[in-house]
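In what follows, a single structure is set out as structure tokens and then discussed.
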Amino acid sequence: MDGIKYAVFTDKSIRLLGKNQYTSNVESGSTRTKIKYWVELFFGVKVIAMNSHRLPGKSRRMGPITGHTMHYRRMIIILQPGYSIPPLRKKRT
């Protein structure tokens with residue numbers, strides 16, 4: 001599936017599952033319409049709305065050199081009542 005990296009499982013995202021809202025990290029260049037198209041096609045659900053915000057990359061140090069990881073975008077996908085997405089795999093850290 002293009003654009004969607006992995007599902008996010010935090011306290012807030014688990015609480016939002018009760019309201020039929022699913023949270024996932026997507027590639028930073030992905031658009032809302034592209035993500036909506038892929039979610040509806042792949043999972044066979046109807047998306048009502050999507051919220052997104054861009055999270056900054058974290059700073060990393062390797063010896064004297066300071067760098068940053070890539071920034072990423074997080075989407076909260078709201079589905080119509082009666083639809084649901086099966087649990088996605090959690091990213092291993």
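This structure is a prediction, so every number in the text was calculated from the model and none was measured. In this chain, residues are counted from 1 in sequence order.
Asn51 places no side-chain N or O within 3.5 Å of a backbone atom of Ile77 that could act as its donor or acceptor partner.
Pairing each heavy atom of Met50 with each of Ile35, the nearest pair is CE-CG2, 3.4 Å. In this structure, Thr69 and Arg60 approach most closely via the heavy-atom pair CG2-CG, 3.7 Å. In terms of heavy atoms, Ile4 sits closest to Ser24 at CG2-OG, 4.1 Å. The minimum heavy-atom distance linking Val26 with Tyr72 is given by the pair O-CB, 4.2 Å. The heavy-atom pair separating Asn25 from Arg74 by the smallest distance is OD1-NE, 2.9 Å. The two residues Thr23 and Ser13 make their nearest non-hydrogen contact at OG1-CB, 3.6 Å.
Both Ile85 and Val47 are part of a single hydrophobic cluster, where members link through side-chain heavy atoms under 4.5 Å apart. In this structure, Tyr22 is a member of the same hydrophobic cluster as Met75, with clusters built from ILVMFWY side-chain heavy atoms closer than 4.5 Å. Hydrophobic clustering (side-chain heavy atoms under 4.5 Å, transitive across Ile, Leu, Val, Met, Phe, Trp, Tyr) keeps Val45 apart from Ile78.
When side chains are defined from C-beta on, Phe43 does not count as touching Ser84, because their heavy atoms never get closer than 4.5 Å. A 4.5 Å side-chain heavy-atom check between Lys36 and Arg32 finds every atom pair outside the cut-off. Contact annotation: the side chain of Leu79 never approaches that of Ile48 to less than 4.5 Å [non-hydrogen atoms, C-beta and beyond].
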- side chain to side chain donor-acceptor pair (under 3.5 Å) between His53 and Arg73: does it pass, once the steps are laid out? CA-CA 6 Å; His53 60 279; Arg73 182 179 301 264; over 6 Å; no
